[in-house]
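Contents: one structure, followed by commentary.
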Amino acid sequence: MNVIGKVTVLPQLPEAIARLSELAYNLYWSWTPHAQALYSELDSEIWERFQRNPVRTLLEVPQERLLEVAANSEYVARYTQVMADFDAYMNKKDTWATKNATNLKPVAYFSMEYAYHESLPIYSGGLGVLAGDHCKSASDLDLPFTAVGMLFHQGYFRQLFNKDGWQEEAYDELDLTTLPITPALIADGTQARVKVNIGTRDVHVRLWNLQIGRIRVILLDANVPENSEDDRKLTARLYGGNQELRVQQYVLLGVAGIRALRVLNVPASVYHMNEGHAALMGLERIREYVEGGLDFRSAVETVASSTLFTTHTPVPAGNDAFTYELMDTYIGKWPALMNAGRDDLYGLARHDQFWDNHWVPSFSMTVFALNMSRAANGVSELHGEVSRKMWNFLYEGATPEEVPIGHVTNGAHNLTFTSQAMRDLLGTVLPADWTERLEDEDMWKAVDSLSDAQLSDVQRTMKREMIAFVRRSQREQMLRNGASAADVAATENLLSENALTIGFARRFATYKRATLLFRDKARLNAIINNPERPVQFVFAGKAHPADNPGKAFIQEIYRVSQEPEFRGKIVILENYDMNVARHLVQGVDIWLNNPRRPLEASGTSGMKASFNGSPNFSVLDGWWREGFDGTNGWPIGDEREYADLNLQDDADAYSLYSHLENDIVPRYYGELAGADSWAHTVRRAIETCSPRFSMQRQVIDYVRQYYIPLSVRGEAVAADGSASARQIAGWKTWVRQQWPHTQITASADLPTTAQPGQTVTVTANVNPAGIHPEELKVEAVLSRGEHRIRVPLSYNQNNTYTAQVPLKDSGLYSIGVRMVPEIAGLSNELELGLIKWA
Ligand SMILES: *Cc1c(COP(=O)(O)O)cnc(C)c1O
């Protein structure tokens, strides 16, 4: 057919169920299975066909069906209950924030991707799930919070396996009228738009609202007729295309994102950049202050003082960096808009890289983000450590532990990933308000009183559902690939509900080592095909479209799954998305993760499995290094670092098989009792991981460690026309200029041997080059093994500083002396990044 136009005919909802439409536009339903049930029951076939999308379902369901359910008193009763719960959630007054965060100022959160639900495919993996879950908990806690992101109209991609098990990508154009979004309106009632200059063009961006419980997400959409065909594609695909496209997308997210907040009058005092993708928000925020009369440096201070940066990438190559020439093409006009030189701006992002056999300066999104924030964090304790080492070079003279990057360990949104059956069971022992106190560790101890049978009933039910889901998915894939009737029929026998079932699903980045399990196939065969104690595996995951090694992993798993001894016992599912994730984490017995340590910044899927009583079995990396307590799951390998990756793989595979053979399998099949019993491990997984790795705990950590301090400091630095920012900026410029002329020498009056408790005199002579003595922190640094102590030297006269430094314990001490410029009002003493050692 030749389409000459399109029109959406809205459903006419009968009075008795009138608010189904309103609810469809609030993703509250995405963590409320009872709400989803109202839509799926309208027509389960439509519901499934359109990715369980309530808006689409209402558009597709015939009017007679709506009339029918409206006349069904049982349906209407459930509808009434869901709406009452929804209203109670939305209108609750004594929320966590009203009690605990009264001095919190409005937060604006920027992320390239968000995973809220599979029907809104604007995410690729863990980063998106994290951002989506963060919003959901911000809503649960009632924070003043707005999120900004991109409306990718072709999403990431839909993954299909061909008959050889090779990944193929399909891009579906989304029909916006079927999504749970509404136009973001300005005062005159029209849809808001902003304009961004990218290179030589003005790109028009249309704004949409997405409602996540109590909070609002603003989505940017460049797919409008005013734009050229190429510009319309700027918001087509997530992580598609080349570096050129990437930079332009980052300009859009950062600059159009800030303009969107302004045109919609959304208050924002604290800015949170989720990964370096969002860093270019700094351009627009600096420009605003410069336009208001501030100089460039003071504007930078003002902007950074209210900004938090979360880094997620533990490998240098994973951090986006672009040539200066590429940046010139797309942001070449910006220095002038900020009354700054090119080097002033690019200097804030500079990372010299060894490219094509020589050193070239690059514009690093991460370096820019670090410089455009006054607080930064990694996403687990170990990742914090790794990040401090990785960015240590930006703070010459500092030790890694001094690098001002902290950590908040990730969490997951419990209700999004916990099955309704498990929620119902938990509700029998937890207090009535348990869904509002998810981070409360004491509360979760009540899980001890759940019986073995209660838990195994729920888990068996969920496992059956998962197996049915796997069979349907495999059947569809077989039919599409033209498989034989016998092969299609065989999908009915895939997996057994009586076998110990292990799940493995994630992005197929090579460091995740999806094929580690196959390192010793004979040993694996013996584990899987033990007739008394069978074991089976379900895999899923997407490789980035350009990642052929990742795709080869998928194909290898597919091929192994077709080998006679593994058929029906190893399965790889296509199109890993939130729907597949929910089925797996709710239905498997154990969750497996074996990344190459320390490359998994956090990982979150194992948390989701633990919430459902599927204990985690993983390398001690990311969150599991903190979560594993000896009773709630199993480790793989140890905390050793290997230089030889092959050796590491061998050791980890050996550990994986041994744990399965000696502990996990016997435990699952009831050969161990008491504290070693399976049910005990399940209870421990639920009660230890649910609170500590709840997204609620994570967001509370962000509020306390970062959002509130930044609210206070950001306001102070910006007060009185940025008086404090001007002072800090002026001082920094002066100190930077003088620093090369400063000198420090030091001496210590040391005996050859000393007694514990003895003190030694340390003296430093400084040429301050005009810097005020009080603005130089001169200190002795004592290190004894791993241990470091710092002792301040006090100013005497004539530019000398001294201290009596105690040598507390026995041992070999090394003593150094250094100076660091410092004034009151800085966020941390290394803000300037200047340290000089004697
Ligand atoms: C939770 C989740 C992830 C992230 O899991 P990791 O443990 O970080 O690998 C990725 N994709 C989907 C669909 C998820 O639900």
Side-chain angles (χ1 to χ4, degrees), residues 30-31 51-52 111 113-134 136 155-159 238-239 274-275 312-314 318 378-380 382-383 409-419 466 469 503-514 516 538-544 550 553 573-588 590-612 614 616-627 633 636 689 693-695 698:
S30 70
W31 64 89
Q51 290 78 45
R52 296 149 296 280
S111 178
E113 50 171 309
Y114 292 93
Y116 298 110
H117 188 259
E118 60 270 16
S119 60
L120 189 60
I122 55 173
Y123 64 95
S124 112
L127 184 73
V129 177
L130 189 81
D133 282 3
H134 194 112
K136 290 173 181 175
Y156 183 48
F157 65 88
R158 190 158 49 83
Q159 179 196 48
L238 172 62
Y239 308 140
N274 186 43
E275 190 54 305
H312 295 263
T313 316
V379 292
S380 69
L382 181 61
H383 178 240
T409 303
N410 282 346
H413 191 252
N414 305 59
L415 299 189
T416 294
F417 294 99
T418 308
S419 70
M466 187 269 295
F469 173 76
F504 180 106
R506 49 192 42 84
R507 285 183 302 116
F508 273 56
T510 44
Y511 78 85
K512 302 228 186 200
R513 296 191 298 188
L516 189 75
V538 186
F539 286 88
K542 290 177 169 179
H544 185 274
F553 273 11
L573 275 182
E574 59 185 8
N575 202 34
Y576 183 44
D577 66 359
M578 290 192 74
N579 183 41
V580 174
R582 277 196 315 275
H583 277 99
L584 294 186
V585 300
Q586 295 171 3
V588 301
I590 289 184
W591 196 254
L592 174 66
N593 190 17
N594 47 32
R596 191 170 276 137
R597 203 172 171 277
L599 300 183
E600 184 85 310
S602 168
T604 54
S605 53
M607 304 171 185
K608 306 166 192 168
S610 298
F611 300 162
N612 285 283
S614 311
N616 195 40
F617 176 31
S618 165
V619 167
L620 291 170
D621 198 5
W623 79 278
W624 190 232
R625 181 172 162 274
E626 295 158 56
I636 295 174
C689 298
F693 302 99
S694 63
M695 180 51 78
Q698 184 209 289

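Every number for a ligand or one of its atoms is a count from 1 in the order of the listing. We count residues from 1, following the sequence as given. In this text, all values refer to a predicted model and were calculated from it rather than measured experimentally.
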Q) What is the ring orientation for H544 with Y156, classed by angle as parallel under 30°, tilted 30 to 60°, or perpendicular over 60°? A) tilted
Tightest non-hydrogen contact, residues F504 and N593, listed as CE1-CA, 4.4 Å
Atoms of ligand 1 under 4.0 Å from any heavy atom of V129, numbered from 1 in the order shown, are 2 (C), 12 (C), 14 (C), 15 (O)
A student comparing Y576, W624, W591 should find that the heavy atom closest to atom 12 (C) of ligand 1 comes from Y576
| Does the side chain of S605 come under 3.5 Å of the side chain of R506 through a donor N or O and an acceptor N or O? | yes
In this structure, atom 4 (C) of ligand 1 is nearest to the protein heavy atom G126 CA, 3.4 Å
Judged by heavy atoms only, the candidate from N410, D577, L130, N593 nearest atom 13 (C) of ligand 1 is D577
Run M578 and F417 through side-chain contact (heavy atoms from CB on, under 4.5 Å) and show every step you take. CA-CA 9 Å; M578 290 192 74; F417 294 99; 3.6 Å; yes
Out of K512, K542, R507, H312, the nearest non-hydrogen contact to atom 9 (O) of ligand 1 is supplied by K512
The reported gap from CG in N612 to CZ in R582 (rounded to nearest 0.5 angstrom) is 11.0 Å
On a heavy-atom basis, the closest approach of A131 and N274 is CB-ND2, 3.8 Å
K608 N/O to ligand 1 N/O under 3.5 Å: yes
Looking only at protein heavy atoms, what sits closest to atom 6 (P) of ligand 1 is S605 OG, 3.6 Å
The atoms of ligand 1 lying under 4.0 Å from a heavy atom of R506, numbered in the order shown, are 9 (O)
Rounding to 0.5 Å, atoms CD (E600) and NE2 (H383) come to a distance of 10.5 Å
Numbered in order shown, the ligand 1 atoms found under 4.0 Å of a heavy atom of G603 are 7 (O), 8 (O)
>> Would T604 count as a polar contact of ligand 1, with the cut-off being nitrogen or oxygen pairs under 3.5 Å?
In response: yes
